[in-house]
Amino acid sequence: MKAIRYIPFVGRLMIGLPFALSGLGKLAAIGPTTEMIRTAGLPLPPLALALTIAMEVGGGLLLVVGFRTLVWPPLRSHFFRWPLRPPSTAILLTRTR
């Protein structure tokens, strides 16, 4: 039963590691990646590359370590329950006098 406590970490690792590795791949090939951004017509290719690398590496590693992961359970339960609420508000909004 103690092995079950590692399941969330393994899940976060499987989601966050590809993002971090993708950012490191872009960091290893800065020239070709900047040129690819330039040919796509995006403005300020070096800035776009820097922001992309920061988001992928930083976000992937934050996801792996589990930064702020306890904030989501209340939101998750709220969003998954909304279809189960009674449609009373929809009925009240469509009722004519």
Side-chain angles (χ1 to χ4, degrees):
M1 276 308 201
K2 289 189 178 192
I4 205 167
R5 68 181 183 171
Y6 295 110
I7 290 176
F9 173 71
V10 171
R12 290 192 315 263
L13 188 69
M14 291 175 68
I15 294 171
L17 199 58
F19 285 105
L21 291 177
S22 175
L24 291 176
K26 286 177 180 63
L27 189 60
I30 289 178
T33 308
T34 306
E35 190 59 36
M36 191 182 325
I37 294 171
R38 183 175 285 116
T39 58
L42 294 173
L44 301 169
L47 180 63
L49 178 65
L51 290 174
T52 302
I53 290 172
M55 290 293 291
E56 286 185 348
V57 173
L61 292 178
L62 287 174
L63 184 62
V64 168
V65 297
F67 179 71
R68 309 253 325 168
T69 55
L70 295 178
V71 173
W72 290 103
L75 294 175
R76 182 180 60 219
S77 65
H78 173 71
F79 286 121
F80 285 136
R81 278 188 295 169
W82 74 267
L84 302 176
R85 292 187 184 145
S88 60
T89 55
I91 292 171
L92 290 176
L93 292 175
T94 58
R95 188 179 295 172
T96 59
R97 293 185 182 210

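No experiment lies behind these values; they were computed from the predicted model shown.
In this structure, Val64 and Leu17 approach most closely via the heavy-atom pair CG2-N, 3.9 Å. Here the closest non-hydrogen pair linking Leu63 and Arg12 is O-CD, 3.2 Å. Minimum interatomic distance between Pro43 and Ala48 (heavy atoms only, all atoms of both residues): O-CB, 4.4 Å.
Taking CG of Leu47 as the start and OG1 of Thr52 as the end, the distance is 9.0 Å to the nearest 0.5 Å. One finds the CG atom of Leu61 at 7.5 Å from the CG atom of Leu24 (value rounded to the nearest 0.5 Å).
Cluster annotation: Ile30 and Leu42 are assigned to the same hydrophobic cluster (Ile/Leu/Val/Met/Phe/Trp/Tyr, side-chain heavy-atom contacts under 4.5 Å, transitive). Connection of Val57 to Leu27 is established within a shared hydrophobic cluster, with ILVMFWY side chains joined at heavy-atom distances below 4.5 Å, either directly or through further cluster members.
Looking at heavy atoms from C-beta onward, Leu49 lies in side-chain contact with Ile37 at the 4.5 angstrom threshold.
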